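Letters A, B, ... are given to chains in the order of the sequence lines, protein chains preceding strands, and every chain is numbered from 1. What you see is a predicted model, and the numbers here were worked out from it, not measured in a lab. The analysis underlying the following values was restricted to heavy atoms, covering all of them including side chains, and did not include hydrogens, waters or symmetry mates.
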Amino acid sequence: MDGFLVIDHVSKSFGSLRAVDEVSLTVAQGEAFSLLGPSGCGKTTLLRMIAGFERPDGGRIIVGGRDITALPPEQRPVNTVFQNYALFPHLNVWENIAFGLRMSRRPREEIRSGVDRMLELVRLSEHARKRPAQLSGGQRQRVAIARALVNRPQVLLLDEPLAALDLKLRQHMLMELNAIHEQVGTTFIYVTHDQGEAMSLSDRIAVMNNGKVEQVDSPVNLYEKPRSSFVASFIGDANFFTGTVVEMQHEGYVRVSVEGLGSPLVLSNGTVSANQTLRLMVRPEKISLMLKRPPSGERVNAFRGIVEDIAYFGSHTRYRIVAGEHSILAQLQRSRFSGGDIDPVRGTEVWMTFHPDEGRVVMLEGEA
Amino acid sequence: MKRSWLPSLITLVVVVFLFAPLVVLVMNSFNASRFGGEWDGFTWNWYEKLWAADEVWESLAVTLKIAVSASLASMILGTLAAYALHCFRSWLQDVHQMLITVPLVMPDILMGMSLLALFVISGVETGLLTIWIAHVTFCLSFVTMVVLGRLQDFDFTLIDAARDLGATRTQSVRKVLLPLLLPGVLAGGLLAFTLSIDDYVITFFVSGPGTTTLPLRVASMMKTSRSLPVINALSTLLIGSTFLIAALSFRLQRRT
Amino acid sequence: MNAESGRSKQWLLTLPSLAWLGVFFVIPCILVIVTAFRPADLQGGVGSGWTLETIHAVNNPAYLPIIWRTLWLSSITTIVCVALALPMTFQMARVGPRMRQVLLLFVVIPFLSNFLIRIFAWKSLLHPEGPLTRLLHWLHLIPEDALLLNNVGTVLLVLIYTQLPFAILPLYAAAEKFDFGLLDAARDLGAGPWRSFAKVFVPGVRRGLISAALMVFVCSLGQYMIPQMVGGASDEMLGSKIAQRVFADRNLPHASALAAGLMLAVLVPMLIVAVWHRFSRKEGAA
């Protein structure tokens with residue numbers, strides 16, 4: 001297997017709980033990679049195994065061609081930015097950053113220039129003599145990053161790096177993290193439960209659930225082409241329908257009969273057979289709403305429903321529409337429907353349409 | 001919302017109740033009147049008498065010798081005990097925890113009595129050593145409790161962080177855990193020191209001839225009314241030093 | 001870290017304190033009980049052989065009033081100390097951090113000051129020629145010949161005085177963690193200040209309350225210096241008898257038998273509290 005960081009069939013159990021279950025991943029050198037999942041999905045355990053705080057029950061971890069599975073944390077070419085930063089409260093900023101270099105007994109001059117360079121990178125040179133308690137949340141975060149990066153790790157692990165910051169600061173630090181990554185070029189592994197964070201920070205994301213990796217892909221593909229309903233619902237909002245394949249068309253399009261709604265045409269992932277029961281997914285913003293029935297055609301999916309709820313968000317408006325026993329979420333940029341200029345209110349009859357390419361077949365829950 | 005004045009009043013009464021006897025005692029140490037019933041004028045007389053009382057200073061030396069060595073020993077034992085209690089969960093620690101807490105609520109007379117029984121039966125001559133053993137025994141639990149409180153506030157991811165940055169297990173304890181724990185250990189040591197200096201009952205049971213600690217000396221001085229005002233002077237100095245040590249210990253525990 | 005090295009590390013860390021307390025706390029306590037069944041020797045030591053004589057000697061109706069006095073003095077001390085400490089710690093937890101430190105220091109200083117000195121301070125305060133006696137005479141609150149010292153009331157007063165910090169400190173630790181927003185909620189829901197204090201604050205600090213009561217009660221049971229210094233001849237407590245048997249009669253077995261009895265009396269409330277703690281923790285977890 002090639003790749004810079006290789007996780008090879010790694011497992012870890014705590015008692016009867018299988019926290020990480022035969023996970024294999026490959027990360028390229030210099031890549032920004034995220035482990036994304038809800039709490040308890042095993043992402044933190046995986047991170048702690050890469051850092052060396054937990055020993056895997058089975059499998060190997062390889063960094064730059066070297067098997068580090070058996071090494072204690074202090075001997076690994078890996079450094080961590082901890083969730084609550086774990087800055088040493090008895091040391092000042094400068095001493096915190098120097099800690100790793102002092103542990104590896106580098107010459108005094110090298111420590112000094114290394115620390116000063118890092119202070120400049122994270123723009124904290126004037127705070128070098130302050131204690132962590134005197135810093136703001138964002139500054140502490142930057143000290144934690146500098147303290148890890150000064151050791152020139154081959155892989156930098158960041159455990160929920162933005163979770164402890166408030167919203168405004170989080171958006172600022174997001175840009176900053178991307179800038180730092182670009183500047184140092186080290187492989188970054190993020191662990192996060194926030195899909196937005198993962199999407200904007202990383203080149204690729206591994207979505208984890210119940211100790212397993214559900215899908216590894218670029219942010220765009222995860223959103224546009226989720227393979228499982230877990231991925232589809234964890235990243236963004238989604239409407240799901242269960243139905244049976246009634247017609248197989250060319251180029252992978254299939255017509256699926258959904259009880260109480262109709263028979264939409266959608267794009268399959270190629271592994272579908274006739275009469276199979278499967279799950280469809282449509283993103284809310286892919287649905288258009290019209291007051292009149294659109295002209296019928298081969299490639300148009302149109303279904304009638306009643307507006308049940310309207311929520312105005314400024315940049316967009318969300319509608320909950322009831323069709324039979326289905327409750328469907330649609331999201332529009334405008335607060336008016338096409339094909340009419342009345343303001344929609346509760347009880348308005350509308351037509352929902354979406355293009356066959358926007359309806360996707362996802363795996364049923366438990367199907368892997 | 002209007003707050004009831006009653007808790008404030010009771011607090012005031014309690015503080016006055018706790019301090020009035022001590023204040024009167026301190027005032028009397030400067031009072032020329034022997035019984036302190038009325039103010040007969042200011043005097044340094046009792047302090048001069050105290051200065052000349054060589055046996056008091058000899059006892060102080062004995063007391064300090066015991067207090068320093070007992071608090072050092074209990075600091076070491078108590079820190080180890082607190083660390084074990086914090087890091088492990090097992091039947092052993094349940095037993096350990098119980099052994100640490102029971103002496104905290106054990107009446108002094110029982111501890112003194114049982115240690116005396118041990119020394120008499122095992123034929124150990126009572127003296128400096130037996131007093132030291134007794135003091136370490138009752139200080140140990142207090143130090144453990146103070147250090148344990150500090151450990152509970154300690155963020156153990158700091159140890160992970162140190163390891164992650166290349167520190168070995170030993171280095172992470174030496175460079176991170178110990179410096180952060182030190183104020184707690186010192187506060188525990190100071191508490192042990194004051195407890196050791198002040199103990200009368202337990203010391204009385206396990207002391208031998210020639211080992212008169214300061215409280216034992218005070219007790220024997222109380223039997224002769226001639227030296228009562230001198231006790232006032234000595235008490236004033238002792239209360240003053242207790243105040244200093246307590247204030248120092250407060251500072252140590254507050255700093256992070 | 002594998003399980004084997006973890007276990008040996010645990011033993012290594014635990015052994016020093018465990019061994020120390022085993023040798024100098026557990027064994028001595030057992031020895032006290034054992035000694036109660038030994039004969040006395042004339043040098044103030046313990047003779048050889050076994051005997052039930054001391055047990056018979058201790059089982060003496062003359063001890064009954066002393067035991068009774070010890071129990072009621074300790075009970076009243078406990079009630080008064082807790083009753084004073086509750087509003088006091090309530091107040092301490094409500095005031096600002098600076099004032100809180102000052103009040104805490106006010107409690108800690110008498111707590112850490114020498115026990116003898118504190119009794120001595122009362123002794124000189126209540127002395128027939130002392131300031132308080134004179135003040136009360138002058139106010140005509142007490143008759144000319146009244147003695148404030150050497151009676152059971154004085155013993156109780158000084159007991160309360162010395163034990164009060166033992167009640168305040170554990171209660172304060174509990175009150176400090178109490179969420180005072182709950183009181184606002186109780187007032188908001190219509191409870192008066194008294195009701196919210198009794199129904200919300202007191203249950204909120206009940207763990208501290210139990211520790212405080214236990215601490216004061218158990219420590220009061222073992223007192224002997226207070227009755228000796230400020231009490232009269234008829235105000236002895238059980239501790240006084242133990243000290244007398246050791247130092248005046250030099251009869252260690254007899255003293256041990258009394259101490260063993262006191263030890264049982266101390267262990268009973270401690271066990272009740274331990275069981276209660278375990279029970280309430282399980283209840284809290286469920």
Contact check, side chains of [X] and [Y], non-hydrogen atoms, under 4.5 Å:
| X | Y | answer |
| --- | --- | --- |
| C:Trp194 | B:Leu6 | yes |
| B:Leu191 | C:Leu112 | yes |
| B:Leu92 | C:Leu18 | yes |
| B:Val24 | C:Ser124 | no |
| C:Ser17 | B:His96 | yes |

Worksheet item: Checking ring-ring contact (aromatic ring centres under 6.0 Å, His included) for the pair C:Phe24/B:Trp132: CA distance, chi angles, key distance, verdict?
Response: CA-CA 11 Å; C:Phe24 297 117; B:Trp132 178 76; 8.5 Å; no
Heavy atoms only: give me the nearest [X]-[Y] pair and the separation to one decimal.
| X | Y | result |
| --- | --- | --- |
| C:Phe120 | B:Met222 | CB-CE, 3.4 Å |
| B:Pro215 | C:Leu116 | O-CD1, 3.3 Å |
| C:Pro87 | B:Pro7 | O-CB, 3.8 Å |
| C:Ile109 | B:Ala246 | CD1-CB, 4.2 Å |
| C:Ser113 | B:Thr242 | N-CG2, 4.0 Å |

Part of [X] within contact of chain B (heavy atom distance under 4.5 Å):
| X | answer |
| --- | --- |
| C:Ile168 | side chain |
| C:Met215 | both |
| C:Phe166 | neither |
| C:Met263 | both |
| C:Val34 | neither |
| C:Met229 | side chain |
| C:Leu157 | both |
| C:Leu164 | side chain |
| C:Val108 | side chain |

Out of [options], return the one with the most heavy atom pairs under 4.5 angstrom to chain B.
| options | answer |
| --- | --- |
| C:Trp20, C:Trp122, C:Trp11 | C:Trp20 |
| C:Ile27, C:Leu104, C:Thr35 | C:Leu104 |
| C:Val246, C:Leu105, C:Thr162, C:Val218 | C:Leu105 |
| C:Val107, C:Leu103, C:Leu262 | C:Leu262 |
| C:Pro193, C:Ala260, C:Gly222 | C:Gly222 |
| C:Pro165, C:Ala121, C:Ser211 | C:Ala121 |

Worksheet item: So C:Tyr161 and B:Phe17, would you call those rings parallel, tilted or perpendicular, with 30° and 60° as cut-offs?
Response: perpendicular
Nearest 0.5 Å please: distance from the [atom1] atom of [X] over to the [atom2] atom of [Y].
| X | Y | atom1 | atom2 | value |
| --- | --- | --- | --- | --- |
| C:Phe106 | B:Thr11 | CZ | OG1 | 12.0 Å |
| B:Ser8 | C:Met88 | OG | CE | 11.0 Å |
| B:Leu80 | C:Leu12 | CG | CG | 8.5 Å |
| C:Leu125 | B:Leu25 | CG | CG | 9.5 Å |
| C:Thr14 | B:Leu99 | OG1 | CG | 11.0 Å |
| C:Phe115 | B:Leu195 | CZ | CG | 13.0 Å |

Response to the item:
Among residues 135-142 of chain B, those lying within the under-4.5 Å heavy-atom range of chain C are B:Val136, B:Thr137, B:Leu140
Practice prompt. Check the pair B:Leu18 / C:Phe111 against side chain to side chain contact (heavy atoms under 4.5 Å, CB included), numbers first and verdict last.
Written response: CA-CA 9 Å; B:Leu18 285 175; C:Phe111 172 67; over 6 Å; no
Practice prompt. Against chain C, label B:Leu214 side chain, backbone, both or neither, depending on which of its atoms sit under 4.5 Å from a heavy atom there.
Written response: neither
Discussion item. What part of B:Ile133 gets within 4.5 angstrom of chain C, counting heavy atoms only: side chain, backbone, both, or neither?
Written reply: both
Throw together a table of side-chain donor-acceptor distances under 3.5 angstrom for residues 102-125 of chain B, partners on residues two or more places apart or in other chains.
unit_1	atom_1	unit_2	atom_2	d
B:Ser114	OG	B:Leu110	O	2.9
B:Ser114	OG	B:Met111	O	3.1
B:Ser122	OG	B:Leu118	O	2.7

Item to complete: Starting from the C-alpha separation in whole Å, work towards a yes-or-no answer on side chain to side chain contact (heavy atoms under 4.5 Å, CB included) for B:Ile10 and C:Gln91.
Response: CA-CA 9 Å; B:Ile10 293 176; C:Gln91 178 70 11; over 6 Å; no
